[in-house]
Amino acid sequence: MRRAVLLIIGLCFLTSITRPAFSEKPLRLFFEKNISVEAEPGQEHTVRQGEWLFKILQDKGYSGTQIQQLMPGIQALNPNIPNLNRLKPGQIIRLPEGVAAAPPAPARPSPNISPDTYEKRAYVVQAGDTLVEILQHQGVPASLIFGKYMDLFLELNPSIPDTNTLRAGQEIILPVVKGGTAPATAPAETTPPQKPAQVEKAPDPTPAPAKPVTIVAVPVSPDTRVEAVANQTGTSMQGLSGAPSPAAAGPAVSQAGPAPEPAPSPLPESRPQEPAQPEVANAAPSASNATGPADTRTPQTGLPFIKTVLKEMRFTFMPGDESMFPLPGSGWLHVKLFETPLVEAPWGDKILFCPVPKSADWIANANKLGMKVCTVSPRWSLQEVLEKVAQASPRAFRLWSADRDLVLTRSGVGLTLQSPQMAIVDMGGRKTVNMVWARQTPGESPLPQGLHEVLDEAQVNVIELDAFNELSRLPARPRDSIYVPVATHMDLIRAINPANPEAYFGQGLPADLSALLQLLRSKDDLHQGMASASWASGPGTRIGIQVPAWNVSGGASRIILLDRRFADPYLVSVLSREGYTCFVLPD
């Protein structure tokens, strides 16, 4: 046995020192190393369109107190996101784990009301409104309000946690009993039709004042068909078919409702209120209402109106309802954006509008973050808001006096502007004039096509509003679609068209444009002057333009010759609409 073992060892030794014939490469050794990588803490969330951090956490069930506690941890988990209040769609944010969300709200009971018994009606909440008062003004009986209509309201407004959380400026959907009292109007059948002369002698008594109701859309019931009717400004008005028109039920005076309270905006206040005259009901229908009922909208007021104007002035409102801002050192500033809007001015300042009282500590913390706090009235007056901005940033935002003309010269064209609300914005040395142009009546014509483009070239931004304080302007025409005629002697002769051509031109017509101009000078019918046009909307709103031009007299129309530098197609189009026959002098 021992000899066998020694023999095996010997064979192994001989094999190890002898190179086999099939071994061509040295032996290679491979090593494998496993490295354990810990997963990043927290859970990922991909930001969707319209989301912000506060809303994301609220949707996950966290309460306001829990959100405030989570903010430092969220900031530590996302060092690559410099500003958590400006999330972008598609961005991935990490949220902490291990915090119990707030208990879910109890399930809302189903009201079990047939959709055929009520209408859905949009409404903008006013300051001081309660749901009970709103429904009462919509004609809903108290037995239904305190019965099933509260649950029906919550079902129609899933974003509202309970009926005690309504806030001013919020848009809600109301369930209104079919056939109930229409808002802001009296029933047509309660007042018999009267002739205009009788109404003037014995006007109807004014009903007792009631809380004004702001309706942003006409009632839409399941069996009502909605048709869009385009008006001359390019906006659309909603006309109803399948329901009786208020105008058809009686004269306009029978539709007059309670006298509204003064509107928060100075624009509606400055306009004289137009009484509903019976002549309007008996007059021939205009082009705007020939295909549908009269427009029953009410002027936009309050914070929605302020947003409309400021956005046109290039102010940016921070989205969302609530947000948290980290304070220097420690702590957070909690801002309820739905009641304290935060805007970024065109020149970079951040401004907080506070219509509700704030503590001195809250204001001091906002100032630490570089935010300028402007205390405004809950009525949201446009004039007051503009004055507060001017006080907060006097170097960048300056209001122009309402009773003074602002006279400008841009590239040789003179401009004269006047408006109750006009502000000059300075953005790094580039000054822009923002002018509010508000029409006084629904029938007032809009500014002519092309005028906005002419004023834009002169750094004048005209915010044109209709009689309901909504943006309204004619659409812009393509520049290359406007024909700009170059003067020739034959075209000019046809435009002059004197009563006696032989007596005016002599035996033969001028051979070219130079000869024609020389003839006009000899007859004292060619003068260097200005072509002017102006537009007004009420006593305090006016726009005027003056363009250097050669005026040709002695003809059947107003003929002007423009230099090449005034050959802008929009300017030529505007002057042509004002009755001028325009020609551009050749080089």
Trace of the side chain to side chain contact (heavy atoms under 4.5 Å, CB included) decision for Leu399 with Gln383: CA-CA 10 Å; Leu399 287 181; Gln383 186 64 31; 4.1 Å; yes
[X] side chain to [Y] main-chain N or O, any donor-acceptor pair under 3.5 Å?
X	Y	value
Arg439	Asp466	no
Gln421	Ser419	no
Lys431	Val425	no
Arg558	Glu578	yes

For a 4.5 angstrom cut-off between non-hydrogen side-chain atoms, does [X] reach [Y]?
X	Y	value
Tyr580	Ser532	yes
Pro569	Leu571	no
Tyr483	Pro485	yes
Leu415	Val407	no
Asn434	Met422	no
Arg477	Ile482	yes
Leu561	Leu517	yes
Leu310	Leu386	yes

Quiz: residues 536-548 side-chain donor-acceptor pairs under 3.5 angstrom, not counting sequence neighbours:
from   : atom 1 : to     : atom 2 : distance (Å)
Ser537 : OG     : Ala438 : O      : 2.7
Ser537 : OG     : Glu444 : OE1    : 3.4
Ser537 : OG     : Glu444 : OE2    : 2.8
Arg542 : NH2    : Asp405 : OD1    : 3.4
Arg542 : NH2    : Asp405 : OD2    : 2.9

Pairs flagged by ring-ring contact (aromatic ring centres under 6.0 Å, His included) wherever residues 491-522 is involved - sequence neighbours left out: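 Residue pairs passing ring-ring contact (aromatic ring centres under 6.0 Å, His included), neighbours aside: none found.
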Pairs involving residues 393-449, ordered by first then second residue, that meet ring-ring contact (aromatic ring centres under 6.0 Å, His included) (sequence neighbours left out):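 Qualifying pairs, neighbours excluded: Trp347-Phe397.
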Approximate separation, where rounding is to 0.5 Å, of Leu451 CG and Trp535 CH2: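 Answer rounded to 0.5 Å: 4.5 Å.
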Lys523 atom NZ, neighbour heavy-atom count above 12 within 6.0 Å: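 For Lys523, atom NZ is crowded (more than 12 foreign heavy atoms under 6.0 Å).
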Give me the atom names and distance for the closest heavy-atom approach of [X] to [Y].
X	Y	answer
Asn469	Pro299	ND2-CB, 4.1 Å
Glu384	Val376	OE2-CA, 3.6 Å
Ala476	Glu453	CB-OE2, 3.0 Å
Met435	Gln418	CE-O, 3.2 Å
Leu337	Ser323	CD1-CB, 4.2 Å

Sole candidate of Cys374, Ser377, Ser393 that passes side chain to side chain contact (heavy atoms under 4.5 Å, CB included) when paired with Lys388: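 When side chain to side chain contact (heavy atoms under 4.5 Å, CB included) is applied between Lys388 and each of Cys374, Ser377, Ser393, only Cys374 qualifies.
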Pair Glu312-Leu471, side chain to side chain contact (heavy atoms under 4.5 Å, CB included): steps then yes or no: CA-CA 9 Å; Glu312 289 298 305; Leu471 293 175; 3.4 Å; yes
Set of residues satisfying side chain to side chain donor-acceptor pair (under 3.5 Å) with respect to Asp480, sequence neighbours excluded: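 With neighbours one apart ignored, the set is empty.
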Non-neighbouring partners of Glu470 that pass side chain to side chain donor-acceptor pair (under 3.5 Å), sequence neighbours left out: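 If we apply the side chain to side chain donor-acceptor pair (under 3.5 Å) test to Glu470, skipping adjacent residues, the hits are Arg297.
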For Asp491, salt bridge (Lys or Arg N to Asp or Glu O under 4.0 Å) partners two or more places apart: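 Arg494.
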Derivation and outcome, side chain to side chain contact (heavy atoms under 4.5 Å, CB included), residues Ser472 and Leu465: CA-CA 5 Å; Ser472 175; Leu465 307 169; over 6 Å; no
Ionic contact status for Asp587 with Arg564, cut-off 4.0 Å: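 Salt bridge: yes.
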Worked verdict on Leu520 versus Gln518 for side chain to side chain contact (heavy atoms under 4.5 Å, CB included): CA-CA 5 Å; Leu520 293 176; Gln518 185 64 33; over 6 Å; no
Between Asp403 and Ser401: side-chain donor-acceptor atoms closer than 3.5 Å: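 Side chains of Asp403 and Ser401: pair found under 3.5 Å.
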